[in-house]
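Only this structure's heavy atoms are used, side chains among them; waters, hydrogens and symmetry mates stay out. The shown structure was predicted, so the numbers you read here are calculated from the model rather than taken from an experiment.
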Amino acid sequence: MKFVRRNMEGSVFMLNLLRFRDIADYTSYPELTPNEPISGAEAFDRYIKHALPFLHESEGEIVFMGNDIGLRPLKILACSP
């Protein structure tokens, strides 16, 4: 909360560098497990589709989303409020 209380002006960007499992792990949330196994990248895409309306509601947006940079399946996600 200290960050919010600083009365900073301007945009805040959040950068996530994400690496995914070959098969998504749903052991912590078995009720979300799909009928057929999916990759971690596919699970992340499903999450983004679900979370995007909430991001937009808070006046945020995805300003960049990229893919693999040669290491493993990877997504680069930048958000702006």
Pair R46-I38, side chain to side chain contact (heavy atoms under 4.5 Å, CB included): steps then yes or no: CA-CA 10 Å; R46 289 180 179 197; I38 62 173; 3.8 Å; yes
Atom CD of E36 with >12 non-hydrogen neighbours under 6.0 angstrom: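 For E36, atom CD is not crowded (no more than 12 foreign heavy atoms under 6.0 Å).
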Cluster overlap L52 with L32, hydrophobic side-chain contacts below 4.5 Å: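 L52 does not cluster with L32.
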F20 with I23, same ILVMFWY side-chain cluster at under 4.5 Å: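 Cluster IDs for F20 and I23 differ.
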Trace of the side chain to side chain contact (heavy atoms under 4.5 Å, CB included) decision for I48 with I62: CA-CA 10 Å; I48 287 296; I62 295 175; 4.2 Å; yes
Closest approach of P34 to Y26 (non-hydrogen atoms, all atoms of both residues):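 Taking every non-hydrogen atom into account, CD-CE1, 3.5 Å.
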H56 to E61 - nearest heavy-atom pair and separation: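 That would be CD2-CA, 4.4 Å.
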